[in-house]
Amino acid sequence: MSKTTLSVLPDGTFTAGAGTSEFGNGTTTVHTQIVATTMSTDLDRVRLTNSDTDGAAYDTGAFASAGTTVAGKALHAAAVALRTLLLRAAAEITGTDPADCSLFADGVRTPERVVGFPEAIRACPAANRDGDGAFARGEERGEFRSLAWNVQAFRVAVDIRTGAVRILQSVQAADAGTVMNPEQCRGQVEGGVAQAIGTSLYEEVMVEEGNLLTPVLRTYRIPQMADVPETEVHFAKTFDDLGPFGAKSMSESPFNPVPAALGNAIRRAVGTRPHETPFSRDRIWRMLSNPDEMPSWCAPVHVIDRREEPRTVSASADLR
């Protein structure tokens, strides 16, 4: 659930209050875009405050892919409510129909004349005025949300002598509905894939007789930049009726298909399916107990290493 507030001042600047927190997921940018688009104003006229109960009465939190489809939708509701107040106020002042009025950066255009924000704010109901400004609230419970869909494909090489897996190509297609900020959303997908590669190939909490054997990053292996391939990202052209401006969630979902797609690619490369993550070198090596007996359909493809030419097989697979 998210409860938000949007206010406007006489100079035409807007302050949006949302409870969800920005931690690199890009919600600040998207929330600003939602307000600016709905209020027909410029991005630099919108100020966003996060995690402050003066502007947001309540927010469940920044998790479960709720930044756009819950908090963003609540902000959209607040913006629609404030826009309606301003249009009605300007129509009442000029004796026109609100349907014939429109917002722009400096006020409200009506068939009779332009009504500036100071005049429109004074004509708003007293319950929606606070000091020199006017405000409206929005709420979204998040009870109805559409599913986001992601498809991941990998091409891998497996050194059957050591069990090492090398990712040669990574591609993900995502159904995010209307992609409000393509560069930002692409970063979400790339980051989700990188995180999932860590889970799939490297990261493991090891415990022996109640003692944690991987207490520090020196022993708990996470991917380095050299371990993360470039991921080619494609967005489906769809529109979601439940999301703000047709958008869907796109946070955790890029992570989900990666381990299965990597397992499929390893299976196609060596003929044996790994069933336990991470698909580390020791696990793959133990799985290939007799690497000389490869299936007839698995023709070796040699991948040249800078130091030597390991015996490798490669294949590609995806998860739909």
Is any side-chain heavy atom of [Y] closer than 4.5 Å to one of [X]?
| X | Y | result |
| --- | --- | --- |
| Ile266 | Phe154 | no |
| Leu82 | Phe14 | yes |
| Asn50 | Thr28 | yes |
| Val70 | Met1 | no |
| Thr37 | Met180 | no |

- Query: Do Tyr202 and Met287 belong to the same hydrophobic cluster, where Ile, Leu, Val, Met, Phe, Trp and Tyr are linked whenever their side-chain heavy atoms lie under 4.5 Å apart, directly or via other members?
  - Reply: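 Tyr202 clusters together with Met287.
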- Message: Are Phe135 and Leu87 linked, directly or through intermediate hydrophobic residues, by side-chain heavy-atom contacts shorter than 4.5 Å (ILVMFWY only)?
- Response: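 No, it is not one cluster - the side chains of Leu87 and Phe135 are not joined through contacts under 4.5 Å.
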- Among all residues two or more places apart in sequence or in another chain, which pass the salt bridge (charged side-chain N to carboxylate O under 4.0 Å, His left out) test with Arg286?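 Salt bridge (charged side-chain N to carboxylate O under 4.0 Å, His left out) list for Arg286, sorted by chain: Asp282.
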- Message: With ring pair (Phe, Tyr, Trp, His ring centres under 6.0 Å) as the rule and sequence neighbours excluded, what pairs involving residues 235-259 come up?
- Response: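 For residues 235-259, and leaving out neighbouring residues, the ring pair (Phe, Tyr, Trp, His ring centres under 6.0 Å) pairs sorted by first residue read His76-Phe245.
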- Message: Under 3.5 Å, is there a donor on one side chain and an acceptor on the other for Thr238 and Asp175?
- Response: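 Yes - a donor-acceptor pair under 3.5 Å links their side chains.
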- Query: Looking only at side chains, do Ser170 and Gln152 share a donor and an acceptor under 3.5 Å apart?
  - Reply: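 Gln152 and Ser170 do have a side-chain donor-acceptor pair below 3.5 Å.
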- Could Arg122 and Glu119 be called an ion pair, given the rule that one side-chain N must be under 4.0 Å from one carboxylate O?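 Answer for the salt bridge query: no.
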- Please say whether more than 12 non-hydrogen atoms of neighbouring residues, nucleotides or ligands are located less than 6.0 Å from CZ in Arg137.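 Count not over threshold, so no.
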